[in-house]
Amino acid sequence: MSSKTPGHPEVSGQGGFLNEPPRDFTDRAVRDEILQTLARVRAALPMTAIAVVNGLPVIGLATVEVKNPSRLSETVTRLGLAGPDQVSDAVGACCAAMAGWGMSAARGRCAILRRVAEGLNARRSDLTARIVLEVGKSIREADAEVCEAIDFCRYYAVEMEQLAVPRRLQRLSGEDNYYSYLARGTTVVIAPWNFPLAILCGMTVAALVAGNPVIMKPAEQASGIAFELFEIFLAAGVPENALHFLSGRGEEIGAMLVAHPQIHVIAFTGSRVVGLNIVEEAAKTPPGQRHVKKVIAEMGGKNAVIIDEDADLDEAVVGTLASVFGFQGQKCSALSRLLVHRKAMPDFLRRFTAALMSLRFGPADDPVAQIGPVIDAEAQARLLGVIARFKDKIVAQLPVPPGLKGLGHYVPPTVFADTDFAAELGQTELFGPLVALYSVDSMDAAVRAFNGVDYALTGGIYSRSPVNIERAKRELEVGNLYINREITGAIVGRQPFGGFKLSGVGAKAGGPDYLLQFLEPRTISENTLRRGFAPID
Amino acid sequence: MWKEDFWSGKLMRWSMQDADFKLGLFRFVDVLPSLSGPGPVAQHLREYLLSPQVDFSSWLKTGMRIGLSNPLTAPLVAALVRQNVSHMASSFIAGEDPDSAGTMLKKLWRQGRGFTVDILGEAVVSEEEALAMQRQYIELIGRLSLAACSWPASEVLEQAPWGIVPRVNMSVKCSALVPGLDGLAFDYYVQRLQDRLRPILRAAVRHGAFVNLDMEQNDYRALILAAAEGLFCEQEFSGYPHLGIVCQAYLRESLADLKTIAQWQRRRTAPLTVRLVKGAYWDYEVAKAGQRGWRIPVYTRKQDTDVNFERCLESLLCESPRLITAIGSHNVRSVACGMALAEARGMPPGGIEIQMLYGMARSFKQAIVKMGYRLREYAPVGKMLPGMAYLVRRLLENTSNQGFLAAVSARRDEVEALLAQPTGEARTSGGPDV
């Protein structure tokens, strides 16, 4: 084991990539710094997010105010609403940029990505603070998200360096066959609010490093942090015509971009409904479009964990609690179904609910808080509606303290118990601090229930039976399967992230196949025999 | 083939020779208490110890396989194995509850050995469980104090240069008192720990008992030290002489920690005991640091821990009598070094104490008692289910090819080698970061 500092290029996994370490908050200096930064950023709110095309901010757009979900009295971001003109300007600029950026040397683009990573690292606490304030994520999770964004930059830079080297296919005298990649073309990145920095960063840098000009379309609830990222990209050397920022309403400019005939790639992370709609729209080939659009869509999950009869409950309770309620369940990887073996149920239920009742509510910027707000009023209303609809199935609920009600969008974390796997509770992605418990009699029943949903994103099993673990590895239909650990917190390069069935179209982020989606492969075959004379190989 | 001692001895030896067997055995032992009957026990035995990649004595493996495949004998095999593991567990666990523990501890006392009790329990994940643990600690202090009243007097165990040494001694796990300890909310958790510990300390004061705060994984170290500093310096406790804390010599920061402790101890009017150990979470710390990409907080070579242990001994003994040294080790060289250093300072044997784990190093313990030193056994009390985590750690220690006891049994004729002064990177006099 090395004693070198992390980030040292010699001590590495593949090709010099090392994950950025999370911060050690037991260090008083680290703690003080993040809290001071939070105070400073808060005092300087609101952030602004304006549309920028070709390096020029678009003036005169209508703006909307977004509130801090933890403290509604604070305006956290003011964002400009881009419209059709900005869309056509941006797409036009991207097409013009394609020749330059698309043909540029990969080495240069990779260097830019590494500078982005440095830029993110230099503003580590600042970006953490902005995520906390804009989307209500805890300090620790926000710090991990900044690490993830840094990781995407470094990881994809390493991957692109390898992909940029043309591959010679077979060695034949007189015939040279080379396999290489071209950029696909203008890419629109439609990002979610729940990982407002990391996912936006990952999709954008993947597209950019492959040589594609990009239009960033962040989520309305998280445009402030998105704009900070955009500025970091430009400062790192991304040409102004190769990257554009369009803040605004998804149903307006998002839809326009998806339908635009000069968009080649759509990278989307968000809800199933919007994702499938994009897949449908993008399949069309209107006149003037000479290509078929490529869609990469990561959509959502109804993720389950099996608690086996011999599970270590000490680990299972802690791991599942974090997987359900981390960031108030607002992750596509979040756990929402617990399939507990009949024999383990009494102890598991008792300890899990007791652990839930010990969690503390609070605004996300409070280091003591373990449960924060949900993203906005719409989510809060929707989730409260679900809780009301299934109130006879509630077995435990952590109430919102009276002092917090109305201060922000707080929703009481709730545990349901049900027997009907096919009911809404067991099938629909709720995206909140809610979980449904089911009792299962056997591994057979558990596997059936586990796979019996439209989604296949994350899932796990807590078991100490090698046979059941092997079976889980073979039969559980999810893109990210976790054994005896929590099912959230995928790390770039270690747990490439993504699912199948209705959870997604496209390869896994932070994995070796991701960049291929942004590239067009080409084979060049040259006859090198002239008058029977071939070069020596 | 089914005699208890034969089984334990053979299991230990195979564990040292075969990594797959060791892994299979420890995982089996870990899951055993949560299995509800002979059926699941047999199934797990098959899965863990009879799989193709686990290779141990083939006649035993065949015998087990035959026994387990027959539905009549399978429950018998399962029951025998369970019995054997329980027997192994009972040699490391002093009792299931306060009463059976009391009996065992009295027996120890009669043999000239003191104790410190640790309550084995499941991980505490809720306030409910934490409060139950707090009650258990308080109850145990009371019950053991009552039981120990009737024990005969023992000069070596009860008299020290600074005064009386209590009969009843508790080792408290802070992680069992407050769930979810997190350095991010540092001051908050320090206060919660202090609030939870205060009633336990008060119970100790009422009964004149000793309370020691154990050190656990490195993530909690700063929290526990800060909680101890604040609490022990409170007026109510700053004059109470029967309090202790632990220092783990496998940590690079240990010497710095000792200096910090010595510093705040100056604000108190009674001595503080520091139990110096090497550390029991090495594998965990190395794995966690690797996964996080953090610098590894422990020495990665055993000799460096040994060297640091002796450096810490010197530093600690310098602080006598404000700090009382308790040497927690089974390593004869380490213990002898401590004894020699203390003697060189003109301290009587009663000026330090030696602490060892219940169930290990029997012959060394006897020797130490004969030499007239105060010996204290770290005695876990609790049921087998939560006891398994503890047992697996002990098994890991006992089968570690680097453990001193293993070295002794393997190389009886190389006494000099075993007692030689350790050399390693920590030897130079300089900051702890060497």
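All chains are named by letter (A, B, ...) in the order of the sequence lines, taking the proteins before the strands, and each is independently numbered beginning at 1.
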If you round to the nearest 0.5 Å, how far is [atom2] of [Y] from [atom1] of [X]?
| X | Y | atom1 | atom2 | value |
| --- | --- | --- | --- | --- |
| His44(B) | Glu309(A) | NE2 | CD | 7.5 Å |
| Glu129(B) | Arg350(A) | CD | CZ | 6.5 Å |
| Asp310(A) | Gln43(B) | CG | CD | 7.5 Å |

Within 6.0 angstrom of [X] [atom1], more than 12 heavy atoms from elsewhere:
| X | atom1 | answer |
| --- | --- | --- |
| Arg124(A) | CZ | yes |
| Glu128(B) | CD | no |
| Gln191(B) | CD | no |

Answer whether the closest heavy-atom distance between the side chains of [X] and [Y] falls below 4.5 Å.
| X | Y | result |
| --- | --- | --- |
| Arg494(A) | Gln291(B) | yes |
| Phe352(A) | Ser126(B) | no |
| Leu184(B) | Ile139(A) | yes |
| Pro466(A) | Arg27(B) | no |
| Asp314(A) | Val125(B) | no |

Among the listed options Arg31(A), Lys343(A), Glu315(A), Met357(A), the residue most often paired with chain B at heavy-atom distances under 4.5 Å: Arg31(A)
Keeping [X] on the side-chain end and [Y] on the backbone end, is there a donor-acceptor pair under 3.5 Å?
| X | Y | result |
| --- | --- | --- |
| Ser358(A) | Glu127(B) | yes |
| Arg464(A) | Ser34(B) | no |
| Trp294(B) | Pro22(A) | yes |

Salt-bridge criterion met for Arg28(A) and Asp187(B) (N-O under 4.0 Å): yes
Where does [X] contact chain B at under 4.5 Å (heavy atoms): side chain, backbone, both or neither?
| X | result |
| --- | --- |
| Val467(A) | both |
| Asp24(A) | both |
| Gln370(A) | side chain |

Chain A contact via Tyr189(B) - which portion, at a heavy-atom distance below 4.5 Å: side chain
Residue pair Thr26(A) / Phe186(B): nearest heavy atoms and the distance that separates them: O-CE1, 4.4 Å
Heavy-atom pair of closest approach, residues Glu47(B) and Ser465(A): OE1-OG, 2.7 Å
Option that, when pairs with chain A are counted at under 4.5 Å, heavy atom only, ranks first among Asp219(B), Asp182(B), Leu223(B): Asp182(B)
